[in-house]
Amino acid sequence: MSTVFPKSTSFISQPLTKPHKSDSITTSVSFPSNSRNRSLRTSRVRAGLIEPDGGKLVDLVVSEPRRREKKHEAAGLPRVRLTEIDLQWMHVLSEGWASPLRGFMRESEFLQTLHFNFLNLDDGSVVNMSVPIVLAIDDDQKALIGESKRVSLVDSDDNPIAILNDIEIYKHPKEERIARTWGTTAPGLPYVEEAVTNAGNWLIGGDLEVLEPVKYNDGLDRFRLSPLELRNELEKRGADAVFAFQLRNPVHNGHALLMTDTRRRLLEMGYKNPILLLHPLGGFTKADDVPLSWRMKQHEKVLEDGVLDPETTVVSIFPSPMLYAGPTEVQWHAKARINAGANFYIVGRDPAGMGHPVEKRDLYDADHGKKVLSMAPGLERLNILPFRVAAYDKTQGKMAFFDPSRAQDFLFISGTKMRALAKNRENPPDGFMCPGGWKVLVDYYDSLTLTGNTRLPEKIPV
């Protein structure tokens with residue numbers, strides 16, 4: 001039986017179908033002149049998938065023949081109960097998204113991540129690691145562990161789901177962690193309030209053995225492909241280039257403009273079969289984001305309506321929680337996609353950003369994410385694809401590249417504006433989003449009105 005995360009009633013989605021022809025196209029790639037920038041312009045055409053960090057994917061799930069023995073071992077160990085976000089990080093670690101990391105961070109790994117944004121390997125090389133993947137415990141849990149060098153990690157029902165070996169317990173410097181990860185200690189940071197502020201004063205690290213593959217049983221597990229499964233799928237499709245697009249919002253035609261134009265540019269470079277990895281984030285998100293199940297239904301409509309081509313697109317869920325840590329976090333998003341086989345990463349305005357929690361401004365400079373990615377240690381093998389701004393062109397009736405020489409012809413529809421239109425059951429201009437995808441968004445906000453909630457639980461009708 002697989003490890004199950006507590007989730008609400010499932011949504012069973014329909015198989016992806018081959019699309020009709022569409023007018024929608026995708027946005028363009030810009031090429032920075034700085035020679036340190038790893039842009040599309042300087043890439044060489046090479047067949048095959050990029051190697052994972054450290055040269056080999058980490059797989060921390062216990063092999064099936066040993067699971068009974070390991071469960072018996074876990075039953076006799078001191079227990080640490082995991083939160084839902086802890087479980088999401090365990091999922092990330094277990095499948096090798098953070099390769100070569102083999103468990104929750106010990107202090108040396110935590111400090112390297114916090115202060116340098118990379119980990120040193122035994123051969124002298126470095127791999128990017130910009131966000132701490134740590135497990136907090138309180139004083140009572142620390143006392144119960146005592147001198148034991150192993151602990152059992154348990155779910156909310158006290159079922160053992162993993163073993164942490166050769167453990168190290170060290171102080172949890174919360175203020176330092178928050179300041180260095182988010183660049184501010186202002187109140188109101190969503191992930192901090194959810195997972196850091198009230199967490200224990202100690203961190204426990206060690207080598208992880210996950211007793212069974214992680215499953216959520218929410219109707220979306222078929223989309224949760226591990227890095228190894230993604231690599232197998234990409235090789236099966238004959239991909240000679242993989243370009244990844246991370247998102248936590250519904251796909252509109254501006255996104256599609258970016259993705260299809262990127263594929264066109266790769267074909268012009270000489271690649272024969274570039275494959276898009278459309279990779280929505282599946283872990284914790286803040287309250288006003290559209291929940292995962294609704295986003296996945298909307299993404300399916302985008303493919304069904306022919307905005308993106310299922311033959312050249314792999315849709316999969318990235319299990320990481322969202323930190324909203326801007327340029328620090330976007331390095332993690334890019335690094336994880338290397339382990340999934342991506343050698344190109346699309347980055348736009350203010351990636352992983354949010355509004356300042358106290359002041360009326362953005363928390364991060366909108367251009368810093370793409371600039372940091374072009375210089376980040378350990379990401380040299382990854383080609384960063386920054387893109388120009390897309391907006392609704394009133395003269396063409398569709399999303400297009402913004403042309404400042406005729407700025408009056410363009411309409412910018414922000415995420416806030418998009419949500420307001422959907423909540424009020426108003427339609428955006430034709431060509432902004434495919435009709436099927438827009439209907440999903442309207443249905444989501446209708447469901448909020450019916451329940452009186454600000455955000456519906458992870459549940460949509462079959």
Would a distance-only check, ignoring hydrogens and angles, find a side-chain to backbone donor-acceptor pair under 3.5 Å from [X] to [Y]?
X	Y	answer
Asp86	Thr83	yes
His172	Gly200	yes
Gln298	Leu441	no
Asp53	Pro100	no
Asn339	Pro52	no
Ser125	Leu121	no
Thr181	Ile178	no
Glu380	Gly378	yes
His368	Asp365	no
Ser316	Phe223	yes

*asked:* For Leu82 and Met90: C-alpha separation, side-chain torsions, deciding distance, then whether side chain to side chain contact (heavy atoms under 4.5 Å, CB included) applies.
replied: CA-CA 9 Å; Leu82 302 186; Met90 188 194 80; 4.1 Å; yes
Nearest 0.5 Å, please: how far is [atom2] in [Y] from [atom1] in [X]?
X	Y	atom1	atom2	value
Glu109	Leu119	CD	CG	6.0 Å
Leu277	Gln246	CG	CD	10.0 Å
Met354	Leu323	CE	CG	11.5 Å
Leu281	Asp289	CG	CG	9.0 Å
Asn253	Phe432	CG	CZ	8.0 Å
Arg265	Leu267	CZ	CG	11.5 Å

*Would you sort out whether Tyr324 and Tyr364 count as a ring pair (Phe, Tyr, Trp, His ring centres under 6.0 Å), showing the intermediate values?*
CA-CA 10 Å; Tyr324 305 91; Tyr364 307 106; over 10 Å; no
State plainly whether the residues [X] and [Y] are in salt-bridge range, i.e. N to O under 4.0 Å.
X	Y	answer
Asp155	Arg81	no
Arg237	Glu233	yes
Glu329	Arg248	no
Asp207	Arg102	no
Arg231	Glu235	no
Asp305	Lys439	no
Asp261	Arg263	no
Arg106	Asp166	yes

Near [X] [atom1], under 6.0 Å, is it more than 12 heavy atoms from other residues, nucleotides or ligands?
X	atom1	value
Asp122	CG	no
His72	NE2	no
Lys149	NZ	yes
Glu268	CD	yes
Lys301	NZ	no

Would you say [X] and [Y] make side-chain contact, with heavy atoms under 4.5 Å?
X	Y	answer
Trp202	Tyr170	no
Leu278	Val314	no
Glu194	Ile85	yes
His252	Met399	yes
Met296	Asp218	no
Lys56	Ser99	no
Thr113	Ser130	no
Leu57	Glu95	no

*Within 45° of the ring axis of Tyr216 and under 6.0 Å from its six-membered ring centre, is that where the NZ or CZ of Arg224 lies?*
yes
What are the two closest non-hydrogen atoms of [X] and [Y], and how far apart are they?
X	Y	answer
Phe344	Leu382	N-CD1, 3.9 Å
Pro160	Ser152	CB-OG, 3.6 Å
Asn128	Ala376	ND2-CB, 3.8 Å
Val62	Glu209	CG2-CB, 3.9 Å
Asn117	Gln331	ND2-NE2, 3.2 Å
Leu373	Ala334	CD2-CB, 3.9 Å

*Angle class for the Trp332/Trp89 ring planes (parallel below 30°, perpendicular above 60°, tilted otherwise)?*
tilted
*Run the numbers on Lys70 and Glu73 for salt bridge (charged side-chain N to carboxylate O under 4.0 Å, His left out), then give the verdict.*
CA-CA 5 Å; Lys70 287 295 179 181; Glu73 289 179 23; 3.5 Å; yes
*side chain to side chain contact (heavy atoms under 4.5 Å, CB included) between Ile163 and Leu153, intermediate numbers included*: CA-CA 6 Å; Ile163 297 172; Leu153 306 183; over 6 Å; no
*ring pair (Phe, Tyr, Trp, His ring centres under 6.0 Å) partners of His279, counting only residues at least two apart*: Trp97, Phe318
_Please evaluate residues Glu176 and Arg180 with respect to the criterion salt bridge (charged side-chain N to carboxylate O under 4.0 Å, His left out), reporting the C-alpha separation (whole Å), side-chain torsions for both, the decisive distance (0.1 Å), and the verdict._
CA-CA 6 Å; Glu176 181 182 0; Arg180 294 198 68 91; 5.4 Å; no
*List the steps and the verdict of side chain to side chain contact (heavy atoms under 4.5 Å, CB included) for Ile204 and Phe104.*
CA-CA 7 Å; Ile204 180 171; Phe104 288 103; over 6 Å; no
*Verdict with supporting geometry, Ile145 and Val80, side chain to side chain contact (heavy atoms under 4.5 Å, CB included)*: CA-CA 9 Å; Ile145 292 168; Val80 172; 4.0 Å; yes
*asked:* Less than 3.5 Å apart, any donor N or O on the side chain of His299 or Glu304 sitting next to an acceptor on the other?
replied: no
*Any side-chain donor-acceptor pair under 3.5 Å between Thr328 and Trp182?*
no
